[in-house]
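Heads up: the structure comes next, in structure tokens.
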Amino acid sequence: MEKYNPREIEPKWQKIWDEPNYYKTEIDKSKPKYYALEMFPYPSGNLHMGHVRNYSIGDVVARYRKMAGFNVLHPMGFDAFGMPAENAAISHGVKPSDWTFSNIKNMIRQQKQMGLDYDWNREVETCRADYYRWTQWLFELFYKRGLAYKKEASVNWCDTCGTVLANEQVIDGKCWRCDHEVHKKNLAQWFFKITDYADELLKDLDKLEGWPSRVKIMQENWIGRSEGAEFSLQVDGFDEKISVYTTRPDTIFGITFMALAVEHPLIEKLIAGQPNESEIRQFIKETKDMSDMERTSSESEKKGIFTGVYCVNPVNGRKVPIWITNYVLFEYGTGAVMGVPTHDERDWMFATKYNLDKILVIDNPAAPLELSKMDNAYIEKGVLINSGEFNGVDNESAKSKIIDWLEDKKIGTRKINYKLRDWLISRQRYWGAPIPVIYCEKCGEVLVPEKDLPVELPDDVEFKQGALSPLSTSKKFNECTCPKCGGKARRETDTMDTFICSSWYYLRYADPHNTEKPFAREIVNYWNPVDQYIGGIEHAILHLLYSRFFTKVLRDAELLDYDEPFTNLLTQGMVIKDGAKMSKSLGNVVSPEEIIEKYGADTARLFILFAAPVERDLDWSDKGVEGSYRFLNRVWRILGIFEDAIKGGTENYDVATLNDEEKILRRILHKTIKKVTEDLHDRFAFNTAISALMELVNAAHNFQDKKINPDLAREFAKNLLIMLAPFVPHIAAELWSKFFAGDVHKQNWAKFDEAAIAEDTVEIVVQINGKVREHINVANNLDKAALEKLAPTLPRVQNLIGDKKIVKIVAVPNKLINVVVR
RNA sequence: GCGGGUGUGGCGGAAUUGGCAGACGCGCCGGACUUAGAAUCCGGUACCUUUAUGGCGUAUGGGUUCAAGUCCCAUCAUCCGCACCA
């Protein structure tokens with residue numbers, strides 16, 4: 001047989017697979033369906049190793065499931081709107097669409113070079129009008145359901161990107177894309193009301209058994225549900241109340257001051273005419289000028305200023321001073337906080353700094369507290385004191401009792417709060433889906449009628465760094481007539497956050513050419529939800545939370561009939577080299593295309609799947625790649641050695657004719673089938689599946705200088721190639737074509753023969769006091785009682801025991817015997 | 001600070017349900033083939049010692065158990081997420 005030459009065979013098979021309908025997927029109710037999906041990429045222009053890892057994992061899953069009898073949907077597409085295309089326009093004068101489409105073309109070429117089994121008939125590109133038409137349609141659906149609204153708010157603004165950002169897209173006070181500091185701006189913006197679904201998004205995390213708990217915990221924290229009470233304090237001398245939210249109603253009798261966020265709307269009224277008004281205004285200004293990072297860091301010093309006004313604690317009538325502070329967040333709760341220094345660390349620090357009163361309301365029954373000796377807030381459990389009729393109640397049960405009492409007396413109410421904010425979806429950018437809204441002087445805000453969708457992106461726009469939305473520079477885009485009254489109107493010039501485009505693409509794959517609606521309900525109900533979603537952990541909140549939200553809204557709109565979009569989620573680890581993530585600045589980038597050129601796609605795939613478990617970070621090793629290449633050569637060579645035998649073998653043969661050595665090989669073969677099947681089907685343990693295949697090939701090497709039974713050789717080759725097919729599709733297809741008819745990728749998955757695995761005798765371990773002292777061969781499945789009887793008769797055991805006494809014998813069939821002596 | 005993960009040879013990793021620690025691969029050492037090299041093939045490779053029916057060993061210290069990498073408690077290291085959310 002000729003030498004293994006991936007450069008020749010890989011393009012050969014890729015050409016065959018590229019024929020229009022080779023991977024075409026259709027609904028087939030005779031088989032269980034399986035939807036395997038990798039997160040679609042942003043078309044940056046080139047695949048990186050992270051993509052290679054992602055797609056290699058997905059390809060094994062999809063190819064294996066196909067062979068195992070599932071009707072598999074495995075599509076690919078591009079998350080094609082976004083800033084970089086626009087930056088290319090700004091700096092190189094290239095049209096964003098040209099830049100994007102040429103990048104997509106190159107990435108598809110690279111994906112095909114990897115031998116991935118996508119159904120390209122279903123490809124979606126979110127920047128195409130036939131896709132964003134439906135993104136706009138979905139926006140209108142949200143609008144009609146009261147889930148899209150425009151309001152003026154303090155929002156995150158990134159100067160470098162020249163646009164606003166959602167809370168989820170601000171990481172440590174910095175922009176998720178360009179890493180520049182973000183600051184607050186007051187702007188009228190579009191929001192999606194994700195908070196309406198906060199409770200369900202939280203509760204349904206329990207349904208996601210197939211998700212890593214890490215991701216679920218991150219989402220749980222992000223949603224940030226808390227239970228508490230809301231009540232108001234009357235402002236002394238004003239006809240105003242200050243509403244506060246607290247999770248510690250048990251400390252309500254300990255309020256000694258009131259703390260307001262600098263943005264609190266009541267402040268203007270309170271400070272007008274106060275002697276230190278200008279000083280107060282100065283403090284507010286300074287605080288507002290601080291960066292978000294500084295302001296929200298728990299490290300920063302707590303500062304405040306007294307308004308000169310008091311309010312009244314409704315539970316005990318105590319008059320407490322109202323302060324304006326830098327540590328109360330306007331966005332959360334009511335923007336006002338009750339100050340209980342004795343039982344809250346922040347309040348303690350604040351009260352200490354400004355010499356405010358402190359009242360103990362919870363005592364430690366084990367070691368009674370003395371205020372004068374405390375240098376910290378007491379935040380442990382305890383019993384209420386100084387709390388009227390609640391004295392003596394333990395603080396945990398007091399929480400609920402006090403809320404009941406507040407409700408009874410109509411002072412306050414039980415309240416659930418979330419950290420989750422509504423999703424800010426408008427972007428002052430060009431390369432995105434235009435928000436389909438028209439502003440009419442008479443009729444106000446009007447949706448573009450469905451029949452007029454899509455609102456297409458114009459091309460007479462100017463791209464300038466930092467300028468406002470480029471769409472506002474397009475005359476033909478801006479000027480329009482009102483769909484209601486026909487009068488002069490103008491269009492919304494903001495586009496949608498690209499995370500909206502990616503919140504529903506996995507639905508479009510199911511029905512990608514539908515021109516009547518985004519997708520047909522029954523088709524989506526067949527293919528979706530996604531059975532196995534695969535991607536990076538960086539989307540733990542962003543994309544994965546938004547998609548869950550979309551799914552629930554679409555379900556309520558009766559467009560689909562399930563609750564969660566992704567049944568199982570696999571978060572792959574990063575590809576690192578020399579201890580760091582591959583990056584241009586570190587100069588440790590390995591180009592997938594170079595590796596494929598040198599060793600072939602099969603080697604690249606094999607290495608990346610073998611080198612580490614999928615969830616863990618993968619250390620790139622050039623030597624390791626060579627090892628994978630070596631293995632494929634070994635496979636090629638051993639089948640070459642067996643060539644005549646394989647061709648001369650038959651498929652149904654009498655196993656009894658095999659000699660002992662051949663029986664051992666056959667046993668290893670069937671054990672391997674069992675192991676690989678388990679590793680692929682329920683564990684995604686690709687690394688151990690591959691190591692089992694390596695062991696099998698090593699075992700076959702015993703026959704390199706010997707004659708091998710042709711029937712066994714054929715059985716071996718057939719099953720080996722079937723098992724290799726999902727991992728290394730090209731070499732498997734090529735070798736298969738040399739020995740067998742048909743297409744290896746359309747074979748049924750290998751089945752193991754339980755009888756072949758069973759052994760007559762098994763080796764078990766004999767321990768004395770837990771230490772291995774002897775290995776013996778006994779009949780397979782020899783029972784406990786027999787093993788217990790056997791142990792003391794062994795000469796070695798008798799020798800070692802000497803005159804010590806046997807206290808106990810523990811026997812585990814097919815495993816071990818432990819003789820306990822004293 | 002809170003929450004979560006991880007810690008096993010020179011390296012990547014295996015041990016799935018508490019049952020022979022180190023599978024498989026890399027590297028290294030030795031051998032075969034070769035004029036020689038490459039490639040390939042075969043063998044060895046945790047550590048220690050008195051070299052064998054030996055001891056010791058899975059971050060550290062303790063515990064449970066006939067038996068612990070695996071379970072429990074504490075500590076250390078490291079990575080990730082959140083972080084003034086009242």
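Given the structure is predicted, the values throughout are model-derived calculations rather than measurements. Letters A, B, ... mirror the listed sequences (proteins, then strands); counts begin at 1.
- Across all strands shown, A/Arg796 has heavy atoms under 4.0 Å from base atoms, whether or not it also approaches the sugar-phosphate.
- Here A/Ile217 lies in heavy-atom contact (under 4.0 Å) with sugar-phosphate atoms only.
- In the interface, the side chain of A/Lys771 is not paired with the base of B/rU53 through any donor and acceptor atom under 3.5 Å apart.
- B/rG10 sits 28 Å from B/rU16 when the C1' atoms are compared, rounded to a whole Å.
- At a threshold of 4.0 angstrom between heavy atoms, the contacts of A/Arg295 include nucleobase atoms, whether or not backbone atoms are also involved.
- Among the atoms of the strands shown, none is found under 4.0 Å from any heavy atom of A/Gly333.
- Nucleotides B/rA68 and B/rG18, compared at atom C1', are 7 Å apart to the nearest Å.
- In this view, A/Lys674 satisfies the salt bridge (charged side-chain N to carboxylate O under 4.0 Å, His left out) rule with no residue, not counting sequence neighbours.
- With both ends at atom P, the span from B/rG43 to B/rG55 equals 29 Å, rounded to whole Å.
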Give each protein N/O atom lying under 3.5 Å from an N/O atom of nucleotides 65-71 of chain B, with the pair distance.
from, atom 1, to, atom 2, distance (Å)
B/rC66, OP1, A/Lys808, NZ, 3.3
B/rC66, O2', A/Asn818, ND2, 3.0
B/rC66, O2, A/Asn818, ND2, 2.7

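- Considering A/Asp617, A/Ile608, A/Ile537, A/Ile57 as possible partners of A/Gln572, the one that fulfils the side-chain contact (heavy atoms from CB on, under 4.5 Å) test is A/Ile57.
- For the C1' atom pair drawn from B/rC56 and B/rU51, the interatomic distance equals 15 Å after rounding to whole Å.
- Heavy atoms of A/Lys623 sit under 4.0 angstrom from primed sugar atoms or phosphate atoms, though from no base atom.
- Ring geometry, A/Trp323 versus A/Tyr354: the interplanar angle falls from 30° to 60°, so the pair is classed tilted.
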